[in-house]
Amino acid sequence: MLGLLGPSGSGKTTLLRIIAGLDAPDRGRILFGGDDATGLPVQQRAVGFVFQHYALFKHMSVADNIAYGLNARRRADRPAKAEIKRRVGDLLDLIRLSGFGDRYPSQLSGGQRQRVALARALAVEPRVLLLDEPFGALDAQVRKDLRRWLREIHDRTGQTTIFVTHDQDEALELSDRVAVLDRGRLEQVGTPDEVQENPVSATVLKFLGDSVEVEAMAEGGRVSVRGRETPVSAPPGVIGPVKLYVRPWQLQLVELEAAHLSGTVRSSYRSQGRQRIEVEEAGGQILAVEDFDGVRYAAGHPVGLRINGGYVFG
Amino acid sequence: MSEIFSPVRLAEARPAPVAGEGAGVRALLIGVAITFLALFLVLPLAAVFVQALSHGVGAYLNAFREPDALSAIRLTLTVAAIAVPFNLVFGVAASWAIAKFEFPGKTFLITLIDLPFSVSPVVSGLIYVLLFGSQGLFGGWLQAHNIQILFALPGIVLATIFVTFPFVARELIPLMQEQGSSEEEAALTLGASGFHAFLTVTLPNIRWGLLYSVLLCNARAMGEFGAVSVVSGHIRGLTNTMPLHVEILYNEYNFVAAFAVASLLAALALVTLVVKSVLEWRFSDELAAGRKH
C-alpha cells in the first residue's frame with residue numbers, strides 16, 4: 001500500500017490518472033510488475049479506480065454498479081449471470097452493505113457511497129487499486145472508521161493499492177510506503193518511519209509536520225547556533241551558514257545561560273497531554289515548542305530554548 | 001460505521017412557513033396572470049379551431065382531401081424526418097465534444113451553434129440562395145451536373161436543419177457539462193469500451209433532456225416558415241410545406257382550409273406542450289427521489 005502525499009497542485013492526482021491510463025505521460029513509462037503498460041488503453045490496464053467524488057452510476061442500483069465491470073466484458077470473458085450475482089453478493093458482504101443491493105446511490109450516505117465505489121473497483125479484480133483522495137469528502141468520524149476498514153481489507157486481500165492524499169496523518173497511518181510529491185517532482189519514497197526520521201529535503205520535512213527554521217553555522221561536522229554547539233551533525237562537505245530545521249519536540253525550555261535561542265512566551269495551550277508553547281524571538285519569529293504537560297508560563301515570560309535535534313540539508 | 005445525520009432532527013430544524021400575503025393581493029395576481037394567458041395564448045389558439053370549424057366538420061375535413069394539402073403534410077413530415085435525426089446526431093456529438101473535451105476553438109464552436117438563433121430565418125434562407133441559386137457560388141456546377149437543391153426537397157431540408165441546429169446541442173451542453181466526465185472515466189477503468197460507456201452511462205444520464213430537446217426541435221422543424229419560404233419556391237403540390245400552404249390558402253381568402261391546416265400545426269404544438277409537461281414532471285420526480293431519502 002503506497003500513499004502519494006503532497007500539497008495540492010503537486011501532481012498526485014495527475015500521476016494517479018497517468019497510472020490508470022486516463023491521462024498520457026509526456027515521457028517515461030508505466031510498469032505493472034515489470035510489464036510495460038504505457039501504450040495500453042485504460043480498458044486493458046486492469047486498474048480499479050476510485051474517484052474522489054465516487055462517480056457512481058446514478059441510474060443504476062448498487063448491485064448493478066458493482067456488476068458493471070463484469071457486465072461490460074466481451075461475451076466470451078463474461079462470467080455467467082449466477083456467478084456475477086454471487087460475486088456482487090460477496091462484495092456487498094465485504095463492504096458491509098449486504099441488504100443494500102437494490103438501493104440507488106442517491107439513497108446512500110457519503111461513507112456508504114465510498115464503499116460501493118470501492119466494491120465496484122474491486123469487482124474486476126484489478127492488478128492495482130487506485131484511490132483518489134478516498135476520504136476527502138467525508139466528515140472526520142466516518143473518515144477515521146473508513147481508514148481503519150480500508151487497512152483491514154488491504155491486509156485481508158493483499159491488493160496492491162496506491163492512494164492519493166494531502167493529509168499527512170492519513171498517509172502515515174495507512175501506507176506501507178509513502179511517496180512525497182512536490183510541484184510534479186517525486187521528493188522521497190520510503191516507509192512512514194523513514195520519511196519522518198530522515199527526510200531528504202526541506203520540502204519533505206516541512207510537509208510532514210511543523211518545524212522552525214533557524215539560522216546556523218556548520219563547522220567541522222557540527223552545527224552551531226549563535227556560537228553554541230548543538231547535537232546536530234552537519235552533512236559531509238557542508239560548511240558555512242546553513243538553515244537548521246527543528247521540530248517542536250526537539251526544542252526544550254531551559255535557563256537562559258544554556259540556551260541556543262531565547263524569547264518571550266506569547267501563548268501556551270494544552271493539547272492531548274502535551275503543553276504547546278509559542279515563543280516569540282527578539283526578531284519577531286514565532287517558535288513553537290512542545291513540552292510535557294505540567295509547566296505553566298504566563299505570556300511575556302522570558303525563556304531560553306535548547307535545540308536537542310534538527311535537520312540540515314546540503 | 002456511525003452516521004451522524006438523523007432525518008427527524010433535520011425536519012425539526014426547518015423553519016415554519018412564512019405567513020402568506022393577504023387573500024385580496026393573491027386573487028388579484030392570479031386574476032391578472034390568468035387574464036393575460038387567456039387573452040394572448042388561449043384566445044388565439046381557440047380562434048384557430050373556431051375558424052377551421054366555422055363551416056362545419058365536413059368543410060374542415062375537405063381541406064385535407066385536397067391533393068395539395070396532402071402533399072404539403074407529406075413534405076413537412078419528410079423534412080422533419082430528415083432534419084430531426086440529423087440534428088439529434090449532430091447535437092449529441094457537439095455537446096459531447098464541448099462538454100467532455102478541451103480543444104482550441106471551443107468557445108467559437110459554442111458561439112457558432114447559437115448563430116441560427118440570432119440570425120433572422122429569412123437570412124438563413126437567403127444564405128442557401130446565395131450558395132446554390134443559379135447565380136450563386138455553386139449554382140453553375142450544380143446546373144452542369146443537373147442537381148437541384150434550391151426549390152426542391154434538399155434546399156428545404158438544409159434550411160430547416162440550419163434553423164433547428166441549436167435545439168439539441170443547447171439543451172445537452174449544460175446538462176453534460178454539469179455531469180462532467182467522471183462517470184464515463186469510471187466506466188472506462190472498469191473495462192468498458194467508449195461506445196459501451198456511451199450507451200450504458202452517458203445516454204441514460206441525458207435521456208430526458210435529449211427527448212425534451214428532440215421534441216422542441218421537431219416542433220420547430222415542422223413549423224418553420226421564413227427560411228423555408230425563401231428556398232422553397234412555393235410550387236404547389238411539390239415544395240410547399242404546411243406553414244407555406246397555410247399562407248397560400250389564406251392569401252386566396254380560403255379561410256376554412258387555411259385554418260384547418262393551421263389547426264394541425266396548432267395541435268402539434270399542443271401535443272408537444274403536453275409531452276413536455278409530462279417530461280418535466282418526470283424530471284422533477286426523479287430529482288425529488290434523490291432528495292427524499
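To find a chain, count down the sequence lines: A is the first, B the second, and so on, and within it residues start at 1. All values reported here derive from a predicted model rather than from experimental measurement.
Proximity to chain B (any heavy atom under 4.5 Å) is restricted, for A:V124, to the side chain, taken from C-beta onward. Of the two parts of A:L108, neither the backbone nor the side chain holds a non-hydrogen atom closer than 4.5 Å to a non-hydrogen atom of chain B. For chain B, the nearby part of A:A121 is the backbone; its heavy atoms alone come within less than 4.5 Å.
To the nearest 0.5 Å, atoms OH (A:Y68) and OG1 (B:T200) are separated by 2.5 Å. In this structure, the separation between NE2 on A:H59 and CD on B:E183 is 7.5 Å, given to the nearest 0.5 Å.
Residue-environment remark: CZ (A:R78) exceeds the threshold of 12 foreign heavy atoms within 6.0 Å. Atom CZ of B:F195 has 12 or fewer heavy atoms from other residues, nucleotides or ligands within 6.0 Å. Residue A:E152 qualifies as enclosed at atom CD: its count of foreign heavy atoms under 6.0 Å is above 12. More than 12 heavy-atom neighbours from other residues, nucleotides or ligands sit within 6.0 angstrom of NZ on A:K58. Within a 6.0 Å sphere centred on CZ of A:R87, other residues, nucleotides and ligands contribute more than 12 heavy atoms.
Nearest heavy atoms, B:A186 versus A:A55: CB-O, 4.0 Å. Contact detail for B:L190 and A:R120: the closest heavy-atom pair is CD2-O, 3.4 Å. The two residues A:F51 and B:E185 come nearest to each other via the heavy atoms CE2-OE1, 3.5 Å.
Looking at A:Q43, its side chain never comes within 3.5 Å of a backbone N or O of B:L188 through a donor-acceptor pair.
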